[in-house]
Amino acid sequence: MEYGRIVPKEVRRSMMFWLLAIAAGVFEMIVAVSEILSRETGPGGGLLIAAGIRTFIFAALVYIIIQMYRGETGPVSYWPFCLAALERSPWSSTPLSG
């Protein structure tokens, strides 16, 4: 990122909305995991795997959003593949439940 570069207001607003959406997903995951853990005696393997995969996806999306905000064009080509992977993954339609 160049120091003298001014980021357009629309790009900054878009980035903030994307990060807000990811934060809402993380919050939803934390609430679901805490609810499941309060009902059961111990965490199941499936719960940990699903939470780990969601955490990895959230981190990858934040990385791509930050790279796009910086003006790098490489991550733009990753975006369709990430969306396709999310759509086809078995965890996209399965809520975290015990």
Side-chain angles (χ1 to χ4, degrees):
M1 180 174 186
E2 298 176 18
Y3 288 106
R5 187 174 74 97
I6 297 174
V7 179
K9 181 173 51 173
E10 293 82 8
V11 173
R12 283 185 280 145
R13 189 176 299 144
S14 174
M15 179 188 167
M16 298 315 304
F17 281 130
W18 274 107
L19 292 176
L20 180 65
I22 291 172
V26 169
F27 179 74
E28 183 269 334
M29 183 180 69
I30 291 170
V31 169
V33 168
S34 65
E35 180 182 340
I36 291 168
L37 291 178
S38 68
R39 287 188 284 145
E40 296 181 4
T41 58
L47 172 68
L48 295 177
I49 291 172
I53 289 173
R54 287 180 183 220
T55 302
F56 175 75
I57 290 171
F58 290 145
L61 288 174
V62 167
Y63 172 75
I64 290 171
I65 290 167
I66 289 173
Q67 293 300 315
M68 290 173 69
Y69 178 76
R70 290 181 177 171
E72 298 185 20
T73 58
V76 175
S77 61
Y78 302 143
W79 204 235
F81 296 113
C82 289
L83 293 177
L86 284 174
E87 180 181 324
R88 304 223 187 279
S89 72
W91 300 281
S92 64
S93 60
T94 306
L96 287 175
S97 61

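Position 1 is the first residue of the sequence, and the numbers go up from there.
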**Student:** Check whether any side-chain heavy atom of Val26 lies under 4.5 Å from a side-chain heavy atom of Arg54, and answer yes or no.
**Tutor:** no

**Student:** In the hydrophobic clustering that connects Ile, Leu, Val, Met, Phe, Trp and Tyr at side-chain heavy-atom distances below 4.5 Å, which members other than Val31 occupy its cluster, ordered by chain and number?
**Tutor:** Phe27

**Student:** Of all residues at least two apart in sequence or in a different chain, which pass the side chain to side chain contact (heavy atoms under 4.5 Å, CB included) check with Met16?
**Tutor:** none

**Student:** Can you check whether Glu10's main-chain N or O pairs, donor with acceptor, with Ser14's side chain at less than 3.5 Å?
**Tutor:** no

**Student:** When rounded to the nearest 0.5 angstrom, what distance separates CZ in Phe56 from CG in Leu61?
**Tutor:** 10.0 Å

